[in-house]
Structure formats: structure tokens, C-alpha cells
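Here's the structure, in C-alpha cells; my notes come after.
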Amino acid sequence: MCFFASCSQEVKIAIRSEKPSPLVEDYADIIIPSNIAPINFFVEAEDGKEAMVLSFNNHLLSMVCKDGAIIPELNTWKDLLAEAKGKQIKVEHCIQTEKGWEAYQAFEIKVAEEDIDPYLAYRLIPPGYEMWNEMGIYQRNLTNFEETAILNNTQTDRNCMNCHSFCMQNPEQMQLHLRAKHAGTMLIQGDEITKLETKTEQTISALVYPYWHPSGKFITYSVNDTKQLFHTHHQNRIEVMDLASDVVVYDVEKNEIVTTPSIFSTEAFETFPSFSPDGKTLYYCSSRSQSMPDGVEKLKYHLCAISFDAEKRTFGEKVDTLYHAEQMNKSVSFPRVSPDGKYLMFTLSDYATFPIWHQEADLWMIDLNKGETVCLDKLNSKSVESYHSWSSNSRWVVFSSRRMDKLYTRPYIAYVHADGTVGKPFVLPQAKGDFYDKCMNSYNIPELIKDKVNVNRLELVQKSLSEEKKQIKADI
């Protein structure tokens, strides 16, 4: 038998009991990718007082707790996962007693056959919009603990930046917005970086909430007159609402936006658009317009779909309603279709369309072949679940949740079976057990990507600071 030493001592189990481990609820039967960094097994014990023994065939890995978690050593963890791919790893959680290490009843975690995309991009920002000073768009290598900045606002006069988006998880095709000082949309296509002015005379705002067409030739956006208010006595701290909103499609090659009355009207608020993987359908959220702010809790956004012809740049005449919000007394936001085209995941909350502070917000999914809608109970908690992103192979999702403390959003990863059922989620692994206790930033819009973003950072910073922008046109 091979024994791999972690950063701590070798653990030899003296006693095995039938008591279930307190870690069973969070970790038993989780499904993990074989290329993921070492999982954090969080515990509440003094350093060295609890341990974990992981085993598969002749591979055995042991480690003890430090700084609130038990974390396997990287290289031996990789060896174990490579050996156990597609199989179950035996987990024995141990406590130190006078008689030696006592193991709780063993449980298992599964290593999936399918890997996850190796990088995750996200924005790091303090959780209160009124208090931020520093923020940035970062990327994390999921196979280890390396985090690097794509762009940080310390390089751009501490302005706001948001809405990073990628074309089909491709790190060479992305965009992000700069707000206030040096405002503009940064469009990155391979080695070409363009700064766009996206406010036109025909639209109520600059372009927001992007989603790429699979061809890379279009990006759909909404235009929103957005305001926010802060509750003094409410379970939700912040309310973000639209006074008006519409959906458009930006033609990247012709530098022009197009739309149609069905998604660009004064009778309804349309927002959060996204394309199907084949590019033939545009999904979006739509609610009857209301007088704001008094009518904010009357905003119930339906999940709608309209056809799109990329060659002709035209839209269908019929709008389909996939989820009728008013009938269910709920509200839909952030529709995202799996790359295989089978499932559409969305966030459901009591009202409005910006649920990241709504404690009741949960993730739901529609089977697009059967038309069935289900609540993803395994992914949801008593706090906020919101922004979600699919892996390129449709087998993994990452989403934001405030379940740790109801304040900070943390990224959670979960497996999605071919039949649409989901596995138990686990938080993005970190190198130190107390990382999340000390991290003072929220993770916004976690997006899985196929590789590292290798944009020329000097050029990106220079063009971000430049006031020279390419003005887009509008065919409305």
C-alpha cells in the first residue's frame, strides 16, 4: 500500500466507530471533477485534532486539520483523483482521542468521468455597493490555487467594472464594461482590443447584461434605466430595479445594434437576454411595466423566447412564454441554456429581476425537450443562489451563493447528470482553510472558461484609460 504524506502527519486509525461524521451532510456523495484542486473539508477543531483519510485501491492519502479545514496536498490529491476517475473514493473522518485516531463511519465521494473547464473568471468586489473602492475581474486556475487579475480598477483610476462575458467559454473572445470614469465597453477578440461607446440616441442607456451568439458575430444586451435603493427593515438589504428596459442585439462585424418591437417596447420591461447554443433562439425576461419604486414588488418577469435569424439579422413574430411568472407569483432572471441545448437554468425569486440580494432566490431548470420545470433543491439553500454558468461539456455548473453568512457571495460547483438531475454542490477550493473567513470580497458572475485569458494587459489598461472610443450605430 502506498502512503502519501500531506502537509501534516501520517494518520493511523486506531478505532473505527459506527457514528456518522458531522461532515456527511456537506460532503457525503458529492461528485467532483478529476481536475479540481484539493477540496476543503471544513471542520471546527483545534489544529491537528481532526483528520481525514482518503483511499482508493492502493492509494491512501491522510492529512490533519489546520486553520479550520482539512485540505489534501496538491500533488498527491491529483494522483488519487487520476486513479479514481469514474469511481468512488472512501473517506474516513477522524478525531484524536486518548486511545489514538478514532474514525467515524466511512462515506464516499465520487470522481466524475467528465472534467470541468480549467478556469473560472469572476469579479471580486465588497458586498455593499455604496462602500467599494477596489474591484477587479480575476481568473482562477481550477486545477490548482493560482489566481490572476485580468483587469483591476487600481489600474484604471478605481472606476467600476462589470459584466465580463465570454463566447462559448472561449477566453479569446470576451467583453467587459467600464463605468463612470473612463466608461466604455472593452471588446477582446484574440489580439484585437476595441473600446466601444455603446450609448446611442435611440437607446436609454449603454449596453448591459451581455451574452454572446455562438458564432461570435453577435452579442445580445439589454439597455436599462436602473436605480437602486437600500432597505432599512427588510430581509433583503438592497433593491436594484429598472425604470425601463429593452433588449437589443449587437452586430460585432457591422458595429450596429438591431432589435424588434416584441423585445423593445414601452409596455413591458425586457432584460437579461441569452442565446441558445445553436444561435436560433433568443431567451429573455419580460414583465409588465410598473410605476417605480412603488411597483417593484409587482414586477413578475416571465421567461420568454423568440427566434433569431443570424444571416438576415431578423427576429420571429411569435413570442413563446416558457415560464409564466404572474401565474406562479414568482419572477425569473438570468436564463442560461446548457451547451448541449437540453436544459435551461434560471433564478427564481419573489419579484423583480435582480435577485442577488433576495434571500428567497433559488435555482430552477427547464428540460427543453420535455417542457418540464423543476426546482434544483440540491443546489439551493436558505439564502441567495444566483448567477450561474455552464461548463462547455454541460456536465458542470458554477453559481453564486450567500449560504455561508448571508452577506458574501461564494462560488459553488455542482455536477449535472445527463438526465438533468444535479449533485450536491461544493465551494470553490482554496489553499487555506480560513480563506473565506478572511476574504472581504464577493464573487460576482462566476464564468467557466476553457483556458486562461492571455490578453495583453498593458494594451488593455492603456485602451481602458483612453477616451478614444468606437461609437456603435443603431438600426431601430
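In this structure, R410 is not positioned above the aromatic face of Y436 in the sense of NZ or CZ being under 6.0 Å from the six-membered ring centre and within 45° of the axis.
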Checklist entry - Is there a side chain to side chain contact (heavy atoms under 4.5 Å, CB included) between L322 and T373 once you walk through the steps? => result CA-CA 9 Å; L322 282 70; T373 302; over 6 Å; no
Checklist entry - So E256 and R313, side chain to side chain contact (heavy atoms under 4.5 Å, CB included) or not? Walk me through it. => result CA-CA 11 Å; E256 184 178 53; R313 302 195 316 171; 2.8 Å; yes
Item to check | Residue pair Y415, E114: steps toward the side-chain hydrogen bond (donor to acceptor under 3.5 Å, both in side chains) verdict | outcome: CA-CA 9 Å; Y415 183 75; E114 306 93 339; 3.0 Å; yes
Checklist entry - Checking side chain to side chain contact (heavy atoms under 4.5 Å, CB included) for the pair I257/V223: CA distance, chi angles, key distance, verdict? => result CA-CA 11 Å; I257 57 174; V223 288; 5.9 Å; no
Item to check | Y250/N255 under side-chain hydrogen bond (donor to acceptor under 3.5 Å, both in side chains): CA gap, chis, key distance, verdict | outcome: CA-CA 7 Å; Y250 172 58; N255 190 41; 2.7 Å; yes
Next on the checklist: Go through it in stages, so that I can follow the logic: the residues are D246 and T259, the test is side-chain hydrogen bond (donor to acceptor under 3.5 Å, both in side chains), and I'd like the CA-CA distance, side-chain angles, deciding distance and then a yes or no.
Outcome noted: CA-CA 9 Å; D246 299 298; T259 189; over 6 Å; no
Item to check | Working for side chain to side chain contact (heavy atoms under 4.5 Å, CB included), residues F272 and V332 | outcome: CA-CA 10 Å; F272 276 140; V332 174; over 6 Å; no
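Between the side chain of S466 and the main chain of E468, a donor-acceptor pair closer than 3.5 Å is present. Of the possible polar contacts, none joining the D157 side chain to the N159 backbone as a donor-acceptor pair under 3.5 Å is found. Under the 3.5 Å distance criterion, the side-chain polar atoms of K195 are matched with a main-chain donor or acceptor of H182. At least one donor-acceptor pair closer than 3.5 Å links the side chain of K199 to the backbone N or O of T203. Counting only distance, with no hydrogens or angles, the side chain of T220 and the backbone of V248 share a donor-acceptor pair below 3.5 Å. Between the side chain of N153 and the main chain of N133, a donor-acceptor pair closer than 3.5 Å is present. Side chain of E73 to backbone of N75: a donor-acceptor contact under 3.5 angstrom is found. Distance alone, capped at 3.5 Å, places no donor-acceptor pair between the E360 side chain and the D362 backbone. A side-chain donor-acceptor contact under 3.5 Å links S307 to the backbone of G316. One N or O on the side chain of T198 and one on the backbone of L207 form a donor-acceptor pair closer than 3.5 Å.
Remark: K254 NZ is loosely packed, at most 12 non-hydrogen atoms of other residues, nucleotides or ligands lying under 6.0 Å away. Heavy atoms of other residues, nucleotides or ligands lying less than 6.0 angstrom from NZ of K85 number more than 12. Within 6.0 Å of NZ in K469 there are more than 12 heavy atoms belonging to other residues, nucleotides or ligands. Few gaps surround NZ on K424; more than 12 heavy atoms of other groups in view lie less than 6.0 Å from it. Counted within 6.0 Å of CG on D419, heavy atoms from surrounding residues, nucleotides or ligands total more than 12; the atom is thus considered enclosed. The 12-atom threshold is exceeded at CD of Q471, counting heavy atoms of other residues, nucleotides or ligands nearer than 6.0 Å. Annotation for K450: atom NZ counts as buried by contact number, over 12 foreign heavy atoms lying within 6.0 Å.
Applying the side chain to side chain donor-acceptor pair (under 3.5 Å) test to residues at least two apart or on different chains, the pairs with a partner in residues 30-42 are S34-D115. Among residues at least two apart or in separate chains, side chain to side chain donor-acceptor pair (under 3.5 Å) pairs with a member in residues 204-215 are H213-S215.
Among residues two or more places apart in sequence or in another chain, the side-chain contact (heavy atoms from CB on, under 4.5 Å) test is passed with E192 by T194.
Between I449 and M174 the shortest side-chain heavy-atom distance does not fall below 4.5 Å. Proximity of F315 to V258: side-chain heavy atoms (C-beta onward) are separated by under 4.5 Å at one or more points. Within the 4.5 Å cutoff, the side chain of F145 has heavy atoms near those of the R140 side chain. In this structure, R158 and E134 have side chains that are in contact, with non-hydrogen atoms separated by less than 4.5 Å. Under the 4.5 Å side-chain criterion, counting only non-hydrogen atoms from C-beta, I476 is in contact with F264. When side chains are defined from C-beta on, S464 counts as touching L151, because their heavy atoms get closer than 4.5 Å.
Taking the six-membered ring for Trp and the full ring otherwise, F218 and F275 have centroids separated by 6.0 Å or more.
With rounding to the nearest 0.5 Å, the separation of CD1 in I193 from CD in Q462 is 9.5 Å. Note that the CD atom of Q359 and the CG atom of D350 stand 11.5 Å from one another [nearest 0.5 Å]. Here the CG-CE distance, from L176 to M186, works out to 7.0 Å after rounding to the nearest 0.5 Å. Rounding to the nearest 0.5 Å places CG of D434 at 11.0 Å from SG of C439. Atom-to-atom distance recorded for L448:CG and S391:OG is 6.5 Å, nearest 0.5 angstrom. The OG atom of S400 sits 6.5 Å away from atom CG of N444, with the distance rounded to the nearest 0.5 Å.
For the 3.5 Å distance criterion, the side chains of D340 and S338 qualify, holding a donor opposite an acceptor. Between the side chains of Y351 and N329, no donor N or O sits under 3.5 Å from an acceptor N or O. Under the 3.5 Å distance criterion, with hydrogens and angles disregarded, no donor-acceptor pair is assigned to the side chains of S286 and E270. Counting only N and O atoms by type, the side chains of N141 and Y119 include a donor and acceptor under 3.5 Å apart.
Nearest heavy atoms, Q430 versus F435: CG-CD2, 3.3 Å.
For the pair D320 and K318, the salt-bridge criterion is met [side-chain N within less than 4.0 Å of a carboxylate O].
For the ring pair (Phe, Tyr, Trp, His ring centres under 6.0 Å) test with H388, the passing option among F334, F399, W396, F346 is F334; the others fail.
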